[in-house]
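All values reported here derive from a predicted model rather than from experimental measurement. In the text below, chain A, chain B and the rest are named by the order of the sequence lines, each starting its count at 1.
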Amino acid sequence: MRLSRYFLPLLKETPAEAQIVSHRLMLRAGMLRQEAAGIYAWLPLGHRVLQKVEQIVREEMDRAGAVELLMPTLQLADLWRESGRYDDYGAEMLRITDRHERELLYGPTNEEMITEIFRAYVRSYKALPKNLYHIQWKFRDEQRPRFGVMRGREFLMKDAYSFDVDEAAGKAAYNRMFVAYLRLFKRMGLSAIPMKAETGPIGGDLSHEFIVLAQTGESQVFLDRRMLDLPVPGEDVDYEGDLEPIVTDWTRLYAATEDVHDADRYGRETPEADQITARGIEVGQTFFFGDKYSKPMKAVVSGPDGVERPVQMGSYGVGVSRLLGAIIEASHDEAGIIWPDAVAPFGVGIVNLRPGDAATDRACEEAYVALKQGGKEPLLDDTDERPGGKFAAMDLIGLPWQLIIGPRGLAEGKVEVKRRASGERHTLPLVEALSMMGA
RNA sequence: CGGGGCGUGGCGCAGUCUGGUAGCGCAUCUGCUUUGGGAGCAGAGGGUCGCAGGUUCAAAUCCUGCCGCCCCGACCA
């Protein structure tokens, strides 16, 4: 992409409404525009990152055996009356009436709908296990939206739902999601720690919140330092096999958010030297809730014994749009965002220091084509902006690599490569620069 | 939902107390000079002062009502 043709409205000054760093940087970097409290338009740069994050979630869900579908944003109120949640859900649920006076709602989640879909088609244990997910916009009419995209009213969420014949199979399905979550957050460059979570009225102890550690996190968390060193399962993890050992490894050590923190247990189980108190951002949550919805909504399957029983369900959410905020909270400096390679909107920013200079233009063009062919998704700054402004802009939008090309360096046959994360720079011939960046 | 604050060119703000026909910085446009870490000079454009009523000769400024947004708290993926 050539910057001169792109749409990247950068802000030199921070809009007054933004307080936390990720919100400020997203506005300044031209990723986001607020349209109403907690409702945002995703500008091209933000949209690209959103899609990258979404794609990683999708790949890891698919790898774990989940199947993607897409449910609508609007749902019928009657569906929610079946589970009893229409009345339980408070003002957070956005209720809408259509021209026929039918009551609708903008879905805050999809347990009811997925259960309805499942029960319409599945009757036998032989069709199980199943895990269906979608990535869709949700709406929760928060009383007080804040922190930009981290607590908006409209948000993009991946939610998966597992269906199993009995509790043991349900637990295995839960484990698959647990492992998939470890992997997908890791791929985004995040260290997300599963922490025991409140299950609320659902009961049982099978629920975890996945928390990203960041200094500016919204809530306080307590954990065993050794959790940070646990190995994340690789691409070759066998989702057909027994994942219990991995889950046990990741749940044995103490890790809790402030609302479920047990100071006595913490002191007992975790050596003082390994105790960490930090701030965290919740980016995902896993639940196993058995027949909470399948029972009232009559989603039943026949077992091998010919007896019909409610299917055992779990649900697994990832806050896709929220993740952008979390990633920035966890990865930025004074100058701007530092994107992890896997989610960066562009792989390399090429800075043409002197557009109009024949040799410089030629070298930039050569680099642009090579990087593009190498799948590096370059963004070429071919604007008339002054060098200082270009450098500041590149640092702000946080592309992993900067390739700086100008007449001064070219006179020596060299260009400069800068790694955004470390600030490390190298002056070297263009070919070498390209191979350094993997093109 | 309780408490506090704010709404003035695209962005950041001053002006409001004490009414007199709107200003600063950045950004934008034009010209010239500049060009390796947010340039200089000269000129230009752009504002129903959140909205609606009211008071007044006169309202960004005073009064009433409404709307929007932000912060702290309670609540939440």
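Counting non-hydrogen atoms under 4.0 angstrom, A/Arg28 reaches a base of the nucleic acid. Among the heavy atoms of the strands lying under 4.0 Å from A/Glu416 is at least one base atom, whether or not backbone atoms are also near. Within the 4.0 angstrom heavy-atom criterion, no nucleotide atom of any strand lies near A/Gly356.
Using C1' as the reference atom, B/U56 and B/A44 are 37 Å apart when rounded to the nearest Å. Between B/C75 and B/U28, the distance separating the two C1' atoms is 44 Å to the nearest Å. Here the separation of B/G19 from B/U61, taken at their P atoms, is 12 Å to the nearest Å. If you take atom C1' in B/G3 and the same atom in B/G65, they sit 22 Å apart, rounded to whole Å. Remark: the separation of the P atoms in B/U64 and B/C69 is 24 Å, to the nearest Å. Nucleotides B/G20 and B/A60 have their P atoms positioned 9 Å apart, rounded to a whole Å. Taking atom P on both B/C51 and B/G7, the two are 13 Å apart, rounded to the nearest angstrom. B/U30 sits 24 Å from B/G38 when the P atoms are compared, rounded to a whole Å.
One finds the CG atom of A/Asp98 at 9.5 Å from the CD1 atom of A/Ile96 (value rounded to the nearest 0.5 Å). Atoms NZ and CG, from A/Lys376 and A/Leu434 in turn, are 11.0 Å apart once rounded to the nearest 0.5 Å. The CE atom of A/Met61 lies 11.0 Å from the CZ atom of A/Arg176; values are rounded to the nearest 0.5 Å. In this structure, A/Ile327 CD1 and A/Leu324 CG are separated by 6.0 Å, a value rounded to the nearest 0.5 Å. A/Glu154 contributes atom CD, which lies 10.5 Å from atom CD of A/Glu35 (distance to the nearest 0.5 angstrom). Taking CD from A/Glu235 and CD from A/Glu59, the interatomic distance works out to 9.0 Å, rounded to the nearest 0.5 Å.
Aromatic ring centres of A/Tyr266 and A/Tyr254: separated by under 6.0 Å.
Residues A/Ile337 and A/Ala29 share a closest heavy-atom pair of CD1-CB, 4.0 Å. Taking all atoms of both residues into account, the shortest heavy-atom contact from A/Leu105 to A/Leu76 is CD2-O, 4.3 Å. Annotation for A/Met113 and A/Met71: closest pair SD-CB, 3.7 Å, computed over non-hydrogen atoms. Among all heavy-atom pairs drawn from A/Pro340 and A/Gly189, the shortest one is CB-CA, 4.2 Å.
For A/Lys418 and A/Glu218, each mapped to the nucleotide of RNA chain B holding its nearest heavy atom, the one lying further toward the 5' end belongs to A/Lys418. Nearer the 5' end of RNA chain B, as judged by each residue's closest nucleotide, is the contact made by A/Arg146, out of A/Gly319 and A/Arg146.
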Please tabulate, for side-chain N and O atoms in residues 394-407 of chain A, each donor-acceptor pair with protein atoms closer than 3.5 Å (sequence neighbours left out).
{"residue": "A/Asp395", "atom": "OD1", "partner": "A/Gln402", "partner atom": "NE2", "Å": "2.8"}
{"residue": "A/Asp395", "atom": "OD1", "partner": "A/Lys418", "partner atom": "NZ", "Å": "3.0"}
{"residue": "A/Asp395", "atom": "OD2", "partner": "A/Lys418", "partner atom": "NZ", "Å": "3.4"}

Please output the side-chain donor-acceptor pairs of residues 9-21 of chain A that fall under 3.5 Å, not counting sequence neighbours, one pair per line with the distance.
{"residue": "A/Gln19", "atom": "NE2", "partner": "A/Ala16", "partner atom": "O", "Å": "3.4"}

Could you go through residues 83-92 of chain A and list every donor-acceptor pair under 3.5 Å that involves a side-chain atom there, pairing it with any protein atom two or more places apart or in another chain?
{"residue": "A/Ser83", "atom": "OG", "partner": "A/Trp80", "partner atom": "O", "Å": "3.3"}
{"residue": "A/Ser83", "atom": "OG", "partner": "A/Arg85", "partner atom": "N", "Å": "3.3"}
{"residue": "A/Ser83", "atom": "OG", "partner": "A/Glu112", "partner atom": "OE2", "Å": "2.5"}
{"residue": "A/Arg85", "atom": "NE", "partner": "A/Glu112", "partner atom": "OE2", "Å": "2.7"}
{"residue": "A/Arg85", "atom": "NH1", "partner": "A/Tyr293", "partner atom": "OH", "Å": "3.0"}
{"residue": "A/Arg85", "atom": "NH2", "partner": "A/Glu111", "partner atom": "OE1", "Å": "3.0"}
{"residue": "A/Arg85", "atom": "NH2", "partner": "A/Glu112", "partner atom": "OE1", "Å": "2.9"}
{"residue": "A/Arg85", "atom": "NH2", "partner": "A/Glu112", "partner atom": "OE2", "Å": "3.4"}

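Separating the CD atom of A/Glu258 from the P atom of B/G73 is a distance of 11 Å, rounded to the nearest angstrom. Atoms CD (A/Gln143) and C1' (B/G3) sit 14 Å apart, rounded to a whole Å. Rounded to an integer number of Å, the gap from A/Ile20 CD1 to B/C72 C1' is 15 Å. The distance between atom CG of A/Asp259 and atom C1' of B/G73, rounded to the nearest whole Å, is 16 Å. Rounded to an integer number of Å, the gap from A/Glu412 CD to B/G36 C1' is 13 Å.
Regarding contacts with the backbone of B/C70, a side-chain N or O of A/Gln34 is found under 4.0 angstrom from either OP1 or OP2. Phosphate contact (OP1/OP2 of B/A27, side-chain N/O of A/Lys12, threshold under 4.0 Å): present. Distances shown here put a side-chain N or O of A/Arg144 below 4.0 Å from the OP1 or OP2 atom of B/C71.
A side-chain donor-acceptor contact under 3.5 Å links A/Ser207 and A/Gln285. At a cut-off of 3.5 Å, with distance as the only test, a side-chain donor of A/Tyr316 or A/Ser162 sits close to an acceptor on the other residue.
Within the shown strands, nothing qualifies as a pairing partner of B/G36 under the Watson-Crick or G-U definition with both distances less than 3.5 Å. For B/A22, there is no paired nucleotide, since no Watson-Crick or G-U wobble pair has both relevant distances below 3.5 Å. Here B/G73 sits opposite B/C1 as a Watson-Crick or G-U wobble pair (both hydrogen-bonding atom distances under 3.5 Å). Across all strands shown, B/U61 has no partner, as no Watson-Crick or G-U wobble contact with both distances under 3.5 Å is found. A 3.5 Å limit on both hydrogen-bonding distances identifies B/C29 as the Watson-Crick or G-U partner of B/G43.
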Can you give one letter per nucleotide of nucleotides 4-15 of chain B, 5' to 3': B if a protein heavy atom sits under 4.0 Å from the base, S if only from the sugar-phosphate, - if neither? -------BSS--
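A heavy atom closer than 4.0 Å to some atom of RNA chain B occurs in A/Leu353, A/Arg354, these being the qualifying members of residues 346-355 of chain A. For residues 423-433 of chain A, proximity to RNA chain B is found at A/Arg425, defined as any non-hydrogen atom under 4.0 angstrom from a strand atom. Annotation: proximity of residues 46-65 of chain A to RNA chain B (heavy atom, distance under 4.0 Å) is found for no residue. Across residues 380-409 of chain A, A/Glu385, A/Arg386, A/Pro387, A/Gly388, A/Gly389, A/Phe391, A/Ala392, A/Asp395, A/Ile404, A/Gly406, A/Pro407, A/Arg408, A/Gly409 each have a non-hydrogen atom less than 4.0 Å from an atom of RNA chain B (numbered order). Within a heavy-atom distance below 4.0 Å of RNA chain B, no residue of residues 86-95 of chain A is found.
Counting only residues at least two apart or on different chains, the salt bridge (charged side-chain N to carboxylate O under 4.0 Å, His left out) pairs with a member in residues 425-439 of chain A are A/Glu416-A/Arg425. Listed by first then second residue, pairs satisfying salt bridge (charged side-chain N to carboxylate O under 4.0 Å, His left out) with a partner in residues 342-361 of chain A number zero, not counting sequence neighbours.
For the pair A/Arg33 and A/Tyr40, the cation-pi test (distance below 6.0 Å, angle within 45°) is failed.
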Could you run down the sub-3.5 Å N/O contacts of the protein with nucleotides 41-43 of chain B?
none

